[in-house]
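Everything on this sheet refers to the single structure shown next.
In what follows, chains carry the letters A, B, and so on, assigned in the order in which the sequence lines appear, proteins first and then strands, with residues in each chain numbered from 1.
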Amino acid sequence: MDSPAPNSQQTPWVRVHMGAAALGLEVGGDWTVDTANTLERLLADVRPGTQDRVEADLSAVTAMDTVGAWLLHRTGQRLSASGLSVDATGLSPRYRALLDQVQRNDRTCEVAPPEGNAFVRLLEEIGVGTVNALTTFGQFLSFLGLVMVRFASVPLHPRRLRINALVHQMEMVGLRATPIVALIVFLIGAVVVNQGAIQLRQFGAEVMVVNLLAISVLRELGPMLAAIMVAGRSGSAFTAQIGSMVLREEVDAMRTLGLNPIDVLVLPRMLALGIMLPLLTFLADLLGLLGGMILGWATLGITPAIFMTQLLEAVSLRTLAVGLIKAPFFAVIIATSGCFYGMTVGGSADSVGRNTTAAVVQSIFMVIVLDALFALFFSAIGWS
Amino acid sequence: MDDQTPPNPPSPPAPAGAEAAEVAIRLRGITNRFGPQVIHEDLDLDVYRGEILGVVGASGSGKSVLLRTIIGLQQPAAGSVEIFGRDRLTLNADEEHTARRNWGVLFQDGALFSSLTVAQNIQVPLREYFDLSQDLLDQIASYKLAMVGLSPEAGPKYPSELSGGMRKRAGLARALALDPEILLLDEPTAGLDPIGAANFDQLLADLSRALELTVFLVTHDLDTLHTVCDRVAVLAERRVLAVGTLAELLQFDHPWVRDYFRGPRARAAGITIP
Ligand SMILES: Nc1ncnc2c1ncn2[C@@H]1O[C@H](COP(=O)(O)OP(=O)(O)OP(=O)(O)O)[C@@H](O)[C@H]1O
Ligand SMILES: [Mg+2]
């Protein structure tokens, strides 16, 4: 029997002769994965009556692959399980080897880990979720502690600080974030002036819009917007970078080579953010004021000279300081979350995605909570 | 060109079997570069239908890159790749999709999908191309796993929970999932124990006989070359230095080829100079 040319498929067929003593089975055509659907249907219809024997003639089979061989084997198994003796003839030796391969490897395995009852699973997920949340929190704190200890020991062991990595990270998280941070606060500054003026005009106190702008940008909007942008940009990048290194066993390799992953991966990132986020915040402050000033000049007729006079009356250096002081704390939160979730990646590519989301959500959430705490603190000490 | 290279490498004989040697994969004038580094230059190679072609070469000589070129993952700087007489570059997206149904590829590092279990990995190509019942899918995954020598416990595991050799076998099972006509394997026996490697050789021999597989087999395993390969191609000096049966290559006079096939390991594998 010659091999068929590619693409010339023969429809498979199954003929059943219900004899008195023997069930005659004649099959032919292509027995391949392409025809498996048809075959499965045809074979399901083969049901023995009162016979105790099956005589199968396989000589008309024109092509066979392992799926076809499997279907043949499976049918044979089913028939002998219902008490018939199966006698198959005529299969070409080529396909016989295939049938043998499949026969030898007839085993059942689970496809996915067992799932269990839906309700039990729900309870289990709630329990596991709670425990995980708590342990993650504990791990996060101990990670933070570990990083702090390594950080504190840097003055004693200056070599632990990787200057090259630090400079590289400063460029990635700071320098490259300047355009987007600048643009966003510039626009927000303009919007604050625009909206504020509409309200203040009712009291004839349009120029007070400068106070509104200065206080909100310097105290809240500048630091918060810079931190949130950086959390989205760099927090996620930290998790994804470190996470894929963990997956490819690079972090394990580091440990074996005597490198401390905290020194190599975490400290440069944390320090770079600690240096760059205050600078970005300062930039955000300036650009926010600039945006407000330009809009005020263009639409309200507040000239830069009037703007500056009003600005110096409204704010002091303390207002600027209140905003800037928060930036390093935000930086620590963002860097720790990003690196922590990167280090805890495990298993599949999915977990990189999951952890990246967690890192960004958690750092933005904690930035906002911390900002609120700072507000309470500053008003308590009278720096309002 | 250096002098020791004879102008005509051993002429490629037709593979075993009487039928006229139809070319399954035809590479002509392939040049591959990475920046200034030239990997292949004007490389020609034919793989005949139904043969198992072993591809050997020093580490870094460009075997994996050649395999990627055949699959289309690496765009050559020059040259053509023909699969069953059709230039791969002229296929449109649909034809490409259909053509891929006939290929099975095992990457050097397994390349399993990390978010699927081993059994689900094997079912991916089956689901993509066919609409089979879940029962049949599960049974196919089961026997494919057993064929490549994995125990049933490996089925529901995720790739990150497997050993290196198990990942390799799972990758092989996925490559075999569709019983493809052309099988491209990158070091399938690397990382397998000798028994597993011997079983693999047997499996490949059985499958290639029954399914008339065309196999492009990158390997350093001298036993595999000896037992299952119809012909062997030697990749060196940026081209196919020589191609022929093992016996022919043993006569081939080139220092690297001589060291490769006549070293102590070759003797241990039972390769002897006739
Ligand atoms: N993506 C890439 N970019 C740059 N160079 C590459 C790339 N992939 C491969 N190379 C280079 O091409 C050459 C051939 O690589 P290839 O992976 O094909 O080697 P190989 O023959 O498969 O070796 P081995 O036996 O170790 O697997 C190497 O020198 C490698 O550095
Ligand atoms: Mg390789």
Side-chain angles (χ1 to χ4, degrees), chain A residues 2-7 31-37 39-41 43-44 63-71 73-74 77 91-115 244 246-249 345-354, chain B residues 19 49-50 84 98 101-102 109 112-120 122-123 125-126 129-161 176-181 202-203 205-207 209-213:
Chain A
D2 277 343
S3 66
N7 301 331
W31 281 54
T32 61
V33 60
D34 301 83
T35 58
N37 251 337
L39 275 172
E40 213 182 5
R41 228 173 327 103
L43 290 171
M64 183 179 272
D65 64 10
T66 61
V67 176
W70 171 259
L71 286 170
H73 169 67
R74 191 175 83 172
Q77 291 295 95
L91 190 62
S92 92
R94 241 174 65 197
Y95 302 143
R96 164 67 51 190
L98 213 52
L99 193 60
D100 288 345
Q101 266 288 351
V102 173
Q103 239 155 16
R104 245 188 320 213
N105 294 302
D106 180 0
R107 243 160 278 165
T108 17
C109 80
E110 295 293 326
V111 169
E115 291 209 328
S244 36
V246 169
L247 280 191
R248 276 181 290 157
E249 299 182 327
V345 160
S348 67
D350 274 353
S351 85
V352 179
R354 233 179 302 120
Chain B
E19 68 232 77
R49 185 193 182 94
F84 287 124
T98 319
R101 176 246 173 281
N102 292 322
D109 46 13
L112 297 169
F113 302 118
S114 61
S115 54
L116 301 178
T117 65
V118 169
Q120 287 165 344
I122 300 173
Q123 293 172 347
L126 291 162
Y129 286 95
F130 303 103
D131 186 22
L132 303 176
S133 67
Q134 187 62 45
D135 266 356
L136 187 58
L137 280 174
D138 292 352
Q139 289 163 3
I140 293 177
S142 302
Y143 78 74
K144 297 269 177 191
L145 270 183
M147 262 184 182
V148 297
L150 281 172
S151 66
E153 290 88 67
K157 284 196 173 155
Y158 287 91
S160 58
E161 302 163 347
L176 293 172
L178 293 173
D179 289 318
E181 289 175 27
Q202 180 63 42
L203 174 70
D206 280 356
L207 288 181
R209 197 173 331 115
L211 304 175
E212 294 190 317
L213 284 181

Original post:
Are any side-chain N or O atoms of B:Q123 and backbone N or O atoms of B:L137, one a donor and one an acceptor, separated by less than 3.5 Å?
Top reply: yes
**OP:** Check the surroundings of atom CD in A:Q103: do more than 12 heavy atoms from other residues, nucleotides or ligands lie under 6.0 Å from it?
**Re:** yes
Original post:
Under 3.5 Å, side chain of B:Q120 to main-chain N/O of B:T117, donor-acceptor pair present?
Top reply: yes
**OP:** Using a cut-off of under 4.5 Å on heavy-atom pairs, state which of B:A146, B:A154, B:S160, B:P159 scores highest against chain A.
**Re:** B:A146
Original post:
So what's closer than 4.5 Å to chain A heavy atoms on B:F130: side chain, backbone, both or neither?
Top reply: side chain
Subject >> Among B:A141, B:P152, B:G149, residue most engaged with chain A (heavy-atom pairs, under 4.5 Å) >> reply: B:P152
**OP:** Specify the closest pair of heavy atoms between A:D65 and A:V33, including all atoms of both residues, with the distance to one decimal.
**Re:** OD2-N, 3.0 Å
Subject >> Toward chain B, the part of A:D100 with a non-hydrogen atom under 4.5 Å >> reply: neither
Subject >> Residue A:E110 versus chain B: region with a heavy atom under 4.5 Å >> reply: both
Subject >> When B:L132, B:L136, B:V118, B:D138 are compared by non-hydrogen pairs under 4.5 Å with chain A, the top option >> reply: B:L136
Original post:
Below 4.0 angstrom, N of the basic side chain to O of the carboxylate: do B:K144 and B:D179 qualify?
Top reply: yes
Subject >> Expected output: side-chain B:Y129 to main-chain B:L178 donor-acceptor under 3.5 Å >> reply: no
Original post:
With chain B, which of A:V102, A:D34, A:D106, A:T32 has the greatest number of heavy-atom pairs at distances under 4.5 Å?
Top reply: A:D34
Original post:
salt bridge (charged side-chain N to carboxylate O under 4.0 Å, His left out) between A:R248 and B:D109: does it pass, once the steps are laid out?
Top reply: CA-CA 12 Å; A:R248 276 181 290 157; B:D109 46 13; over 6 Å; no
Subject >> chain A contact via B:K157 - side chain, backbone, both or neither, heavy atoms under 4.5 Å >> reply: neither
**OP:** Tell me, for A:L247 versus chain B, whether the close heavy atoms (under 4.5 Å) come from the side chain, the backbone, both or neither.
**Re:** neither
**OP:** Would you mind checking which part of B:S151 comes under 4.5 Å of any heavy atom in chain A, side chain (CB onward), backbone (N, CA, C, O), both or neither?
**Re:** neither
Original post:
Does a donor on one side chain and an acceptor on the other come within less than 3.5 Å for B:Q139 and B:D135?
Top reply: no
Original post:
Top residue by heavy-atom pair count (under 4.5 Å) with chain B, among A:L98, A:T66, A:T108?
Top reply: A:T66
Subject >> N/O donor-acceptor pair under 3.5 Å between A:D350 side chain and B:S115 backbone >> reply: no
**OP:** For each of B:I140, B:D131, B:L145, B:L116, tally heavy-atom pairs with chain A at distances under 4.5 Å, and name the one with the top tally.
**Re:** B:D131
**OP:** Sort out for me which of A:A349, A:P114, A:P113 touches chain B most, counting heavy-atom pairs under 4.5 Å.
**Re:** A:P113
**OP:** Name the region of A:R104, side chain, backbone, both or neither, that has any atom closer than 4.5 Å to a heavy atom of chain B.
**Re:** side chain
